[in-house]
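Right, one structure below, let's go through it.
Atoms within a ligand are numbered from 1 in the order they appear, just like the ligands themselves. Along the sequence shown, the residues carry numbers beginning at 1. Hydrogens, waters and symmetry mates play no part in the numbers below; they use all other heavy atoms, side chains included.
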Amino acid sequence: MVNIILSGAPGSGKGTQSDLIVREYGLQHISTGDVLRAEIATGSELGKQIDALISKGNLVPDDIMYGVIENYISNLPADCKGTIFDGYPRTVAQAMSLTELLKKYQMEAIMIDLLVDEQLLIQRLIERGKISGRADDNLNTIRHRIAVYHNQTEPITHYYLHQGNYFAVNGNHPMEDVFIQVKRIIDREGHK
Ligand code: AP5
């Protein structure tokens, strides 16, 4: 079993690489961004609160995210070959909580970090914004999302580096080339 924390700045290719990993390895996949957007789509009170945060490019409070992840892990199928956490954790507190939660279910995870130059991130998201309909795919909010990433999410790299399960990938290349690097890590670490 291999569990993967797929991390990286907005537009680094987390969703794109998750799809490729699922296709190749048959892993389960959770994108916390997708879960939150699905809650917004229900029109619930919680969805309205989440919408106010996401549309400005701010993170949703840790307390809400803990419930989402615990619910997901506790419902993984018995024959699960592993899972991808796409966009989770995004704070050091989330990372610490995930370690504890994984321990409870006798699981471990490696972190794959997609490193992409800022100009390229902006270019990709502006391009996607022309068709995505996402409220956060506009230049001001993209810049804010990247700043939030540097301030609140990037520190988790030190947490995983310290634990010895951090793997960086150069995400500036075409998606197939990035996937070759990702595969190399999964094949090596998944056999340990
Ligand atoms: P989320 O939905 O996770 O958004 P994000 O992190 O901003 O990431 P994106 O989906 O924009 O990009 P991606 O890295 O998945 O790249 P993608 O593959 O799509 O989160 C949204 C919001 O939800 C957050 O801002 C926050 O408010 C909230 N949230 C989520 N998780 C949370 C948490 N844990 N705690 C608190 N709040 C949370 O690619 C982007 C574009 O680039 C696509 O068009 C794609 O085709 C293209 N592309 C991808 N790879 C390549 C490549 N190699 N070459 C060329 N183009 C490429």
Side-chain angles (χ1 to χ4, degrees), residues 4-23 29-41 46-73 84-98 101 109 111-156 159 169-183:
I4 300 163
I5 292 160
L6 201 52
S7 195
S12 58
K14 299 182 293 295
T16 304
Q17 293 300 317
S18 290
D19 290 345
L20 295 170
I21 297 169
V22 168
R23 206 180 309 155
H29 169 223
I30 181 171
S31 153
T32 44
D34 285 350
V35 171
L36 296 170
R37 282 184 288 275
E39 184 64 39
I40 293 171
L46 178 62
K48 285 177 189 148
Q49 291 168 28
I50 292 171
D51 192 20
L53 293 163
I54 288 195
S55 59
K56 292 197 173 69
N58 292 316
L59 295 186
V60 170
D62 289 342
D63 287 356
I64 294 177
M65 302 314 301
Y66 296 152
V68 168
I69 288 297
E70 172 127 40
N71 180 46
Y72 172 73
I73 294 181
I84 307 164
F85 298 96
D86 162 0
Y88 190 91
R90 280 192 205 231
T91 62
V92 172
Q94 288 182 14
M96 291 166 75
S97 141
L98 181 62
L101 194 57
M111 174 178 171
I112 298 182
D113 195 9
L114 302 173
L115 304 177
V116 177
D117 295 344
E118 190 154 323
Q119 261 321 102
L120 197 51
L121 296 172
I122 294 173
Q123 202 179 304
R124 286 181 187 174
L125 292 176
I126 292 287
E127 203 49 45
R128 187 182 65 185
K130 292 177 186 165
I131 48 164
S132 70
R134 271 178 60 163
D136 57 353
D137 276 350
N138 61 77
L139 187 57
N140 280 344
T141 314
I142 291 167
R143 286 197 200 283
H144 182 65
R145 284 158 67 197
I146 292 172
V148 167
Y149 167 78
H150 287 308
N151 291 332
Q152 298 188 57
T153 304
E154 219 168 29
I156 72 170
Y159 177 81
V169 160
N170 182 344
N172 290 303
H173 301 298
M175 56 186 89
E176 300 77 14
D177 295 348
V178 176
F179 188 52
I180 289 171
Q181 299 177 63
V182 168
K183 262 172 64 170

So, 4.0 Å and heavy atoms of Pro89: is ligand 1 close enough to count as a contact? no
The answer for which part of Pro174 has a heavy atom under 4.0 Å from ligand 1 is backbone
If you measure from each non-hydrogen atom of Leu125 to ligand 1, which part falls under 4.0 Å: side chain, backbone, both or neither? side chain
Do we see a donor-acceptor contact under 3.5 Å between the side chains of Thr91 and Asp62? yes
Verify, without hydrogens or angle tests, whether Arg145 (side chain) and Asp136 (backbone) share a donor-acceptor contact under 3.5 angstrom. yes
Nearest atoms (heavy-atom pairs only) where Val116 meets Arg124: CG2-NH1, 4.0 Å
Ala9 heavy atoms within 4.0 Å reach ligand 1 at atoms 14 (O)
With a cut-off of 4.0 Å, which atoms of ligand 1 are near a heavy atom of Gly13? 13 (P), 14 (O), 16 (O), 17 (P), 18 (O), 49 (C), 50 (N)
Logged contact type for Ser31 with ligand 1, heavy-atom cut-off 4.0 Å, is neither
Using a 4.0 Å cutoff against the non-hydrogen atoms of Asn58, which atoms of ligand 1 qualify? 26 (C), 27 (O)
What protein heavy atom lies closest to atom 23 (O) of ligand 1? Include the residue and the distance to one decimal. Ile54 CD1, 3.4 Å
Within the structure, does Val60 bring an N/O atom to less than 3.5 angstrom of an N/O atom in ligand 1? yes
Is there any N or O on Leu53 that sits under 3.5 Å from an N or O of ligand 1? no
One residue to check: Arg37. Relative to ligand 1, which of side chain, backbone, both or neither has a non-hydrogen atom less than 4.0 Å away? side chain
Tell me the protein heavy atom at minimum distance from atom 32 (C) of ligand 1, and give that distance in Å. Arg90 NE, 3.2 Å
Decide yes or no for Leu20 and Val178: does some side-chain heavy atom of the first lie under 4.5 Å from some side-chain heavy atom of the second? no
Heavy-atom distance to atom 7 (O) of ligand 1: which of His173, Arg145, Met175 wins? Arg145
Please report whether ligand 1 has a polar contact with Gly15, defined as an N or O pair separated by less than 3.5 Å (distance criterion only). yes
Looking only at protein heavy atoms, which one is nearest to atom 8 (O) of ligand 1, and what is the separation? Lys14 NZ, 3.3 Å
More than 12 heavy atoms of other groups within 6.0 Å of Arg143 CZ: no
Considering only heavy atoms from C-beta outward, does the side chain of Leu114 approach that of Val169 to under 4.5 Å? yes
Any heavy-atom pair between the side chains of Asp19 and Val22 that's under 4.5 Å? no
Between Lys48 and Asp51, does any side-chain N to carboxylate O distance fall below 4.0 Å? no
Quick check: do Gln49 and Val60 have side-chain heavy atoms less than 4.5 Å from each other? no
Looking only at non-hydrogen atoms, which of Thr153, Leu6, Thr16, Val148 approaches atom 49 (C) of ligand 1 most closely? Thr16
Taking the side chain as every heavy atom from C-beta outward, state whether Leu121 and Ile142 have any pair of such atoms under 4.5 Å apart. no
Is it the case that ligand 1 has an N or O less than 3.5 angstrom from some N or O of Gly57? no
Report the part of Leu36 (side chain from C-beta onward, or backbone N, CA, C, O) that has a heavy atom under 4.0 Å from ligand 1; answer both or neither where that applies. side chain
Which protein non-hydrogen atom lies closest to atom 12 (O) of ligand 1, naming both residue and atom, and how far is it? Gly11 N, 3.0 Å
Return the closest protein heavy atom for atom 35 (N) of ligand 1 as residue, atom name and distance. Gln94 NE2, 3.0 Å
Tell me whether Thr32 contacts the main-chain N or O of Gly87 through its side chain, where contact means a donor paired with an acceptor under 3.5 Å. yes
Any side-chain donor paired with an acceptor under 3.5 Å for His144 and Asn58? yes
Between ligand 1 and Arg134, is the shortest N or O to N or O distance under 3.5 Å? yes
Would you say Ser12 and ligand 1 have an N/O pair spaced under 3.5 Å apart? yes
Within a strict 4.5 Å, meaning less than it, do heavy atoms of the Asp34 and Asp86 side chains meet? no
As an exercise, identify every atom of ligand 1 less than 4.0 angstrom from a heavy atom of Gly87. 31 (N), 32 (C), 33 (C), 34 (N)
A side-chain contact here means heavy atoms from C-beta on lying under 4.5 Å apart; do Tyr88 and Ile5 qualify? no
Who gets closest to atom 11 (O) of ligand 1 by heavy atom: Arg124, Met65, Arg128, His144? Arg128
Hey, does the side chain of Gln94 reach the backbone of Tyr66 with a donor-acceptor pair shorter than 3.5 angstrom? no
Could you list which atoms of ligand 1 come closer than 4.0 Å to a heavy atom of Thr32? 30 (C), 31 (N), 32 (C), 34 (N)
